[in-house]
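Scroll down for the structure; my scribbles are underneath it.
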Amino acid sequence: MVHWVSDSEDSDKFEWDSDEEDAVSFNAAGSGSSALASTNIDAPGPSTRVANGNGKAGPSASAVQEYVDMGFPEEMVLKAMKDNGDNGADSLIELLLTYKAIGNDPSLENGSASHCDPQAAKDSDDDDNLENWDDDDAGGRNRGPTFDESDDEDFLHEMSQIDGKVDYLVKMGFPEDEVNMAVTRCGQDASISVLVDSIYASQTAGGCCGNSSDHEDNSYGGRKKGRPMEGNKRKRKRFGGQAQGSRGPLDGSDDESMRLPKPMVGFNLPNGLRSANRSLPGPAIGPPYFYYENVALAPKGVWTKISRFLFDIEPEFVDSKFFCAAARKRGYIHNLPLVTRSPLLPLPPKTIFEAFPRTKKWWPSWDPRRQFNCLQTCVASAKLTERIRLALTNSEDPPPVRVQKYVLEECRKWNLVWVGLNKVAPLEPDEMEFLLGFPKDHTRGISRTERYRSLGNSFQVDTVAYHLSVLKDMFPHGMNVLSLFSGIGGAEVALHRLGIRMNYVISVEKSEVNRTILKSWWDQTQTGKLIEISDVQTLTSEKIEAYIRRIGGFDLVIGGSPCNNLAGSNRHHRDGLEGEHSALFFHYFRILGDVKAIMARL
DNA sequence: AATACTCGGATAGACTTA
DNA sequence: TAAGTCTATCCGAGTATT
């Protein structure tokens with residue numbers, strides 16, 4: 001049952017104090033590390049720059065002038081060009097508009113050119129002390145070597161160069177001395193990922209491994225066995241500190257793989273009898289709440305590793321087939337309470353026939369499917385459905401087993417539905433919207449291919465909303481949300497459908513069509529303020545702090561990792577959590593750490 | 001050993017724009 | 001008409017399950 005609490009109640013402060021199971025004050029947890037949080041992570045590490053300077057020239061005078069002519073102050077243009085990197089003109093303009101919208105520009109005195117919408121002006125009670133949240137160009141305009149070259153470098157390499165990586169790990173709850181030892185062992189150049197490996201290796205092995213060369217050979221997966229199992233007393237407790245051995249299949253010793261639960265129902269389900277409880281480790285407890293999603297069937301070791309980074313929280317693996325008519329196996333790592341969950345109403349149909357009754361008429365008795373497989377980003381070609389039609393019309397009824405098998409195989413592979421005699425077809429985009437819990441026509445207006453791609457990458461709204469439903473009563477006055485890799489706004493739609501007001505949403509999404517979709521939905525349904533950012537790299541810790549100061553903090557950091565090369569097909573150049581695609585996860589990690597540290601400090 | 005499943009990508013051709 | 005953009009098609013491999 002959903003609680004529809006009116007927005008008019010009058011308790012002004014955020015209630016972060018502990019649901020019954022997590023009775024640790026976040027302030028206490030966060031203050032220890034906060035002193036370190038303010039070190040300058042922009043400063044290059046000592047002699048560790050990679051020799052990758054791609055001779056990129058700074059912004060040309062004429063290009064700057066072009067945007068100055070459009071009415072943007074020069075300082076703002078220079079800053080935007082720096083932050084934008086190589087992302088092109090559209091992205092640059094968005095950035096400029098974002099700066100303006102949030103009132104970032106120090107030189108924006110007369111309101112004549114202001115894009116500030118009235119809502120934002122009204123909500124902010126501190127207009128006169130707007131942060132110069134990019135005051136680096138106010139001070140020393142040419143900060144020398146950090147200005148240009150590093151923008152394009154892979155994030156991991158960048159992180160390898162900066163002193164701040166130690167701080168990030170400390171911020172996220174790793175013991176400081178162990179982090180420092182890991183740096184000593186692996187060298188200054190080691191990536192964060194390697195450092196975490198090293199910390200765990202020494203915790204379990206007693207620190208006898210010499211300075212390994214792990215970081216050079218990308219060999220995370222190669223260290224499979226031979227780890228002594230003696231627990232170290234200071235080891236970060238696995239999965240929130242429950243007694244090891246009582247975890248069932250998830251306590252898969254210390255090897256790299258994490259077994260998926262069967263059935264994949266998460267910690268609990270609506271109306272389910274399973275009532276789960278868990279205790280979170282202190283550093284994991286908010287603020288903010290966070291919610292991270294990724295494909296469940298990631299390559300070996302990936303989930304173990306992600307979990308290590310995120311406080312060793314046990315992932316909640318859920319198949320959305322328990323929420324709707326399509327399977328979707330995903331893992332979620334979050335620090336939300338579990339006990340007061342409630343599903344979205346009305347409950348969506350859970351079988352194909354309930355969802356699409358008209359298909360029943362044409363559904364052959366030898367097709368046993370009652371639910372869809374995972375909705376993907378690509379759909380079957382017309383040629384395939386025509387081949388199927390021909391194969392069936394050339395057979396008697398029922399067709400021979402060979403034909404049945406072929407047709408069924410293709411139907412399962414491509415999620416085909418029966419729409420006529422011997423006629424199958426892929427799901428329409430609006431049917432996928434429906435299955436995923438989005439409003440009809442949510443993605444309408446872009447090309448068909450792009451709709452499929454965006455939807456295939458999206459959240460299943462009912463599943464996510466079920467997990468987020470606990471927030472409803474905690475935030476009767478609404479929430480501030482940092483939404484990373486937002487896609488078409490699955491998280492936002494879920495919160496909205498839960499009746500949770502969103503005061504501010506800062507959304508990071510690379511794809512322009514996705515940003516357009518989210519913005520358009522937002523303008524139709526929301527009264528809060530949406531700020532869209534195209535490039536996650538521009539969300540520096542300075543900016544995060546400025547946003548936090550401005551809007552009063554984030555209540556939820558939510559994001560799904562774009563899973564390029566992590567799941568499904570084309571895994572041949574996947575790279576787990578070592579290569580360039582993993583940079584996206586580390587952005588999530590970095591930003592969450594920043595938000596936690598800054599909020600604890602302020 | 002065979003089978004099922006998977007938040008993808010390079011490419012040629014169709015289409016649109018300058 | 002050439003160049004750029006979008007679309008449809010084939011093509012895949014790794015992991016888990018049977």
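Order of the sequence lines fixes the chain letters, A, B, ..., with proteins taken first and strands second; residue numbering starts at 1 for each chain. These numbers were taken from a predicted model, which means no experiment stands behind them.
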If pairing means Watson-Crick or G-U wobble with both distances under 3.5 Å, then the partner of C/dC6 is B/dG13
Q) Is there a donor-acceptor contact under 3.5 Å linking the side chains of A/Thr516 and A/Glu512? A) no
### Query
Does A/Phe586 have its ring centroid less than 6.0 Å away from the ring centroid of A/Phe309?
yes
Taking only the side-chain nitrogens and oxygens of A/Thr449, find out if one of them lies under 4.0 Å from OP1 or OP2 of C/dC6. no
Exercise for review: Have a look at A/Lys383 and say if it touches a base, only the backbone sugar-phosphate, or nothing, with a 4.0 Å heavy-atom cut-off.
Suggested key: sugar-phosphate
To the nearest angstrom, the CZ-P distance between A/Arg412 and C/dT18 comes to 13 Å
Considering just the side-chain nitrogens and oxygens of A/Arg330, establish if one lies under 4.0 Å of OP1 or OP2 belonging to B/dC7. yes
**OP:** Give A/Arg328 one of three labels, base, sugar-phosphate or nothing, depending on what nucleic acid heavy atoms sit under 4.0 Å from its own.
**Re:** base
Which of B/dC7, C/dT17, C/dT7 is nearest the side chain of A/Ser447? It is C/dT7
Contacts of A/Asn373 and A/Lys405 projected onto DNA chain B by closest heavy atom; the upstream (5') one is A/Lys405
Rounded to whole Å, CZ of A/Phe317 lies from C1' of C/dT15 at a distance of 14 Å
Under a plain distance cut-off of 3.5 Å, with no hydrogens placed, do A/Arg451 and A/Thr443 share a side-chain donor-acceptor pair? yes
Picking from B/dT6, C/dT9, B/dC7, the nucleotide nearest the side-chain atoms of A/Asn457 would be B/dC7
Taken to the nearest whole Å, CG/A/Leu408 to P/B/dA4 is 9 Å
Practice task
Using a heavy-atom cut-off of under 4.0 Å over every strand shown, decide if A/Glu293 touches base, sugar-phosphate, or nothing.
Solution key: base
Exercise. If you measure from the C1' atom in B/dT6 to the same atom in C/dC11, how many Å do you get, rounded?
Worked result: 15 Å
Testing C/dT7, C/dC10, B/dA4 for proximity to the side chain of A/Arg387, the answer is C/dC10
5'-most contact on DNA chain C (nearest-nucleotide basis), A/Trp414 vs A/Glu450, goes to A/Glu450
ask   = Can A/Tyr466 and A/Asn268 be counted as having a side-chain donor-acceptor contact under 3.5 angstrom?
value = yes
When rounded to whole Å, the NZ to P distance for the pair A/Lys329 and B/dA4 reads 14 Å
note: A/Leu455, atom CG; B/dG8, atom P; distance rounded to Å ~ 13 Å
Residue pair A/Val379/A/Lys413 against DNA chain C: nearer the 5' end by closest nucleotide is A/Val379
* Flag the pair A/Glu316 and A/Arg330 as a salt bridge only when some basic side-chain nitrogen lies within less than 4.0 angstrom of an acidic carboxylate oxygen. => no
>> Any base atoms under 4.0 Å from A/Ala327, or only sugar-phosphate, or nothing? Heavy atoms, all strands.
In response: nothing
Roughly how many Å apart are B/dA4 and C/dG12, using the C1' atom of each and rounding to a whole number? 15 Å
A/Asp319 CG to B/dT6 P, in whole Å, measures 9 Å
Discussion item. With a 4.0 Å cutoff (strictly under), does any side-chain N or O of A/Asn415 reach OP1 or OP2 of B/dC5?
Written reply: no
A/Tyr406 side chain to A/Arg402 side chain, donor-acceptor N/O pair below 3.5 angstrom
no
